2 protein chains.
Amino acid sequence: MAALCKALAHPARVKLLNYLADYGTCYFGKLTDILPLAPSTISQHVTVLKDAGLILGSDDNTRTCYCVNVERLEELKELIAAL
Amino acid sequence: MAALCKALAHPARVKLLNYLADYGTCYFGKLTDILPLAPSTISQHVTVLKDAGLILGSDDNTRTCYCVNVERLEELKELIAAL
DNA sequence: TCGGTCATTCGTAATTCGACGAATAAAGAA
DNA sequence: TTCTTTATTCGTCGAATTACGAATGACCGA
């Protein structure tokens, strides 16, 4: 629970998750348009979300496609709702 | 949203909120029994939860009585559920 | 083959976090 | 008054976070 919240403890990561939740999937390149941050920084945030299990990345030849891990997100929702 | 999650981004603070949610209210001294941390450290965590608005503290003469801020907690639940 | 794009990793600097002990303030008991 | 209890604040330290640019590797097009 603390680990999941920690993954959402930064505005940039909340925006990323929100965007993915709204648009389903997208490539990394699109994410760099969403946030006013350097690509390397965004990659770091994406890694945090990935490590928390909240998003999934599939290597589509040279690009990387990201999407929300719905099951994991449900897990978080249940944990918070049970508070 | 990120601010609220940040407040819950540490196991000690999750435990504190859980305890208060279960037991309604309690004094600071009781909280020091719940966690294996120095009182000063616990006070820091309590301050973080208080600053986030998740708990409320009322000064009962020499002791301090803490309880969950239900409205704020509901706010968090709605934000997470809306993801 | 030579560039160009895409995404990540590495190295680094500044800031924040998390923990502790010591000092403090305020109220009550001896 | 003096001592004890209670809760907080302060100072400090190491660890973690956040940001960037530079370097890297993999793939495609010219």
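Just so it is clear, the model here is predicted, and its values are computed rather than measured. Here is how names work: the chains are called A, B, and so on, in the same order as the sequence lines, proteins then strands, and each is numbered from 1.
Rounded to an integer number of Å, the gap from CD1 of Ile34(A) to C1' of dA7(C) is 17 Å. Taking atom CD1 of residue Ile42(B) and atom P of nucleotide dC17(C), one finds them 19 Å apart after rounding to whole Å. Asp33(A) places its CG atom 14 Å from the C1' atom of dA7(C), with the value rounded to the nearest Å. The CG-C1' distance, from Leu16(B) to dA7(D), rounds to 14 Å in whole Å. Computed from coordinates, the Asp51(A) CG to dT8(C) P distance equals 12 Å when rounded to whole Å. The distance from atom OH of Tyr27(A) to atom P of dC27(D) is 15 Å, rounded to the nearest whole Å. One interatomic measurement links the two molecules: CG of Leu31(A) to C1' of dA7(C), which rounds to 11 Å at whole-angstrom precision. Rounded to whole Å, atom P of dA7(D) lies 13 Å from atom CD1 of Ile55(B).
Tested against Ile55(A), the residues Asn69(A), Val48(A), Val46(A), Leu73(A) include a single side-chain contact (heavy atoms from CB on, under 4.5 Å) partner, Val46(A).
For Thr64(B), taking side-chain heavy atoms from C-beta onward, the closest of the listed nucleotides dT9(D), dA7(C), dA7(D) is dA7(D). Distance from the side chain of Lys6(B) is smallest to dT16(C) among dT9(D), dT8(C), dT16(C). Among dT8(D), dA7(D), dT8(C), the nucleotide with an atom closest to any side-chain atom of Arg63(B) is dA7(D). For His10(A), counting side-chain heavy atoms from C-beta on, the closest listed nucleotide (dT18(D), dG18(C), dC20(D)) is dT18(D). In the set dT9(D), dT9(C), dT8(C), dT8(C) carries the atom at the smallest distance from any side-chain atom of Lys50(A). Between dA7(D), dC20(D), dT9(C), one nucleotide has an atom nearer to the side chain of Leu37(A) than all others, and that is dC20(D).
Residue Lys77(B) qualifies as enclosed at atom NZ: its count of foreign heavy atoms under 6.0 Å is above 12. Annotation for Lys15(B): atom NZ does not count as buried by contact number, only 12 or fewer foreign heavy atoms lying within 6.0 Å.
Using a 4.0 Å cut-off, some side-chain N or O of Tyr66(B) falls inside it from OP1 or OP2 of dT8(D). Note on His45(A): every side-chain N or O is 4.0 Å or more away from OP1 and OP2 of dT17(D). Contact annotation: Thr41(B) reaches the phosphate of dC20(C) (side-chain N/O to OP1 or OP2, under 4.0 Å).
Looking at which nucleotide of DNA chain D each of Ala12(A) and Gln44(B) is closest to, the 5′-most match is held by Gln44(B).
Put simply, the side chain of Arg63(B) never gets that close to the backbone of Phe28(B): no donor and acceptor are under 3.5 Å apart.
Put simply, Leu17(A) and Leu35(A) are part of the same group of oily side chains (I, L, V, M, F, W, Y) that touch within less than 4.5 Å, one to the next.
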